[in-house]
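Written below as structure tokens is the structure these notes are about.
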Amino acid sequence: QVQLVESGGGLVQAGGSLRLSCAASGRTFSRYAMGWFRQAPGKEREFVGAIRQSGSTTYYADSVKGRFTISRDNAKNTVYLQMNSLKAEDTAVYYCAALDYYCSGYGCYDQDSQYKYWGQGTQVTVSS
């Protein structure tokens, strides 16, 4: 069982930056690949990006590539989402999620049904 708690959301102007954190409970954090998803009002939840267990490989949705960066600190049981050059369309509730298998390739990580554990979400609002 893994419990995930996101933090760092808030209100920011377009062009600004935010860093989200996702803290995980338990001593087996390093066995989980971690994903970030987001859901805007009236829309389906969408994949933002993911990071594999060692942190050496990341995957990003085209909509955030070059602007967002995912990293992790396995010693602190925490994964981060650094968001730069924010746009109004980035406004959403952001969720972190964990999956406990090893797989290579974007298709292993971009569907929410692949993830076993979810955080409660944190709101990000970008004003234009």
Side-chain angles (χ1 to χ4, degrees):
Q1 184 80 10
V2 175
Q3 293 184 325
L4 304 173
V5 179
E6 302 96 335
S7 61
L11 175 64
V12 63
Q13 289 188 333
S17 298
L18 277 177
R19 189 176 81 155
L20 306 184
S21 299
C22 172
S25 65
R27 295 178 292 180
T28 58
F29 177 70
S30 61
R31 67 181 277 187
Y32 293 94
M34 301 297 296
W36 285 96
F37 287 76
R38 66 186 182 186
Q39 188 166 22
K43 295 187 177 181
E44 294 187 352
R45 187 159 55 189
E46 65 172 358
F47 175 72
V48 173
I51 187 166
R52 293 187 64 180
Q53 284 83 347
S54 67
S56 61
T57 304
T58 52
Y59 305 93
Y60 297 97
D62 287 342
S63 59
V64 306
K65 198 173 295 182
R67 300 188 298 122
F68 290 11
T69 302
I70 298 173
S71 61
R72 65 190 295 162
D73 185 338
N74 286 343
K76 295 183 177 180
N77 284 11
T78 303
V79 62
Y80 305 97
L81 178 65
Q82 178 67 45
M83 305 184 293
N84 298 329
S85 303
L86 283 161
K87 307 175 182 179
E89 52 263 44
D90 294 319
T91 295
V93 177
Y94 283 71
Y95 300 90
C96 67
L99 62 79
D100 62 352
Y101 59 78
Y102 293 82
C103 184
S104 178
Y106 185 95
C108 298
Y109 301 100
D110 66 333
Q111 302 297 315
D112 56 6
S113 59
Q114 296 163 319
Y115 291 80
K116 189 172 184 180
Y117 302 108
W118 290 84
Q120 83 289 348
T122 186
Q123 176 71 47
V124 171
T125 303
V126 184
S127 62
S128 56

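Positions are given from 1, in the same order as the sequence printed here.
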Apply side chain to side chain contact (heavy atoms under 4.5 Å, CB included) to Ile70 and Tyr60, showing your working.
CA-CA 9 Å; Ile70 298 173; Tyr60 297 97; 3.8 Å; yes
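Interatomic distance, Tyr59 OH to Ser104 OG, rounded to the nearest 0.5 Å: 4.5 Å. How far SG of Cys103 is from CD of Gln114: 7.5 Å, rounded to the nearest 0.5 Å. Between the CH2 atom in Trp118 and the CG atom in Leu99 there is a gap of 9.5 Å [rounded to 0.5 Å]. Between Arg72 atom CZ and Asn77 atom CG the span is 9.0 Å, to the nearest 0.5 Å.
Less than 6.0 angstrom separates the ring centroid of Tyr106 from the ring centroid of Phe47.
Panel note: side chain Ser85, backbone Arg67; no donor-acceptor pair is recorded below 3.5 Å. A donor-acceptor pair under 3.5 Å is absent between the side-chain atoms of Arg52 and the main chain of Thr57, judged by distance alone. Checked by atom type and distance alone, the side chain of Ser56 never pairs as donor or acceptor with a backbone atom of Ser54 at under 3.5 Å.
Between Lys87 and Asp90, none of the side-chain N atoms (NZ, or NE/NH1/NH2) sits under 4.0 Å from a carboxylate O, so this pair counts as no salt bridge.
Follow the hydrophobic side-chain contacts under 4.5 Å out from Tyr95 and you never reach Tyr117; the two are in separate clusters. A chain of hydrophobic side-chain contacts below 4.5 Å, direct or via other Ile, Leu, Val, Met, Phe, Trp or Tyr residues, connects Leu20 to Val12.
For Gln82, the side-chain hydrogen bond (donor to acceptor under 3.5 Å, both in side chains) partners at least two apart in sequence or on another chain are Asn84. Under the side-chain hydrogen bond (donor to acceptor under 3.5 Å, both in side chains) criterion, Gln39 pairs with no residue, sequence neighbours left out.
Using bins of under 30°, 30° to 60° and over 60° for the plane-to-plane angle, the ring pair Tyr109/Tyr101 lands in the parallel bin.
Counting non-hydrogen atoms of neighbouring residues, nucleotides and ligands closer than 6.0 angstrom, the NZ atom of Lys76 reaches no more than 12 such neighbours. More than 12 non-hydrogen atoms from other residues, nucleotides or ligands lie less than 6.0 angstrom from CD of Glu89.
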Kindly list each side-chain donor-acceptor pair under 3.5 angstrom involving residues 30-37, sequence neighbours excluded, with atom names and distances?
none

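Just one of Val64, Thr122, Leu81, Val93 meets the side chain to side chain contact (heavy atoms under 4.5 Å, CB included) condition when paired with Arg38; it is Val64. Each of Leu4, Asn74, Ile51 was compared with Val79 under the side chain to side chain contact (heavy atoms under 4.5 Å, CB included) criterion, and only Ile51 meets it.
Contact check for Tyr80 versus Thr69: no side-chain heavy atoms found under the 4.5 Å cut-off. When side chains are defined from C-beta on, Gln123 counts as touching Thr91, because their heavy atoms get closer than 4.5 Å.
In terms of heavy-atom proximity, Ala14 sits nearest to Ser128 at CB-CA, 4.2 Å. Taking each heavy atom of Tyr115 and Ala97 in turn, the nearest pair found is CD2-CB, 3.5 Å. Nearest heavy atom pair, residue Tyr94 against residue Glu6, reads O-OE2, 3.9 Å. The shortest heavy-atom contact between Val124 and Gly9 is CG2-CA, 4.1 Å.
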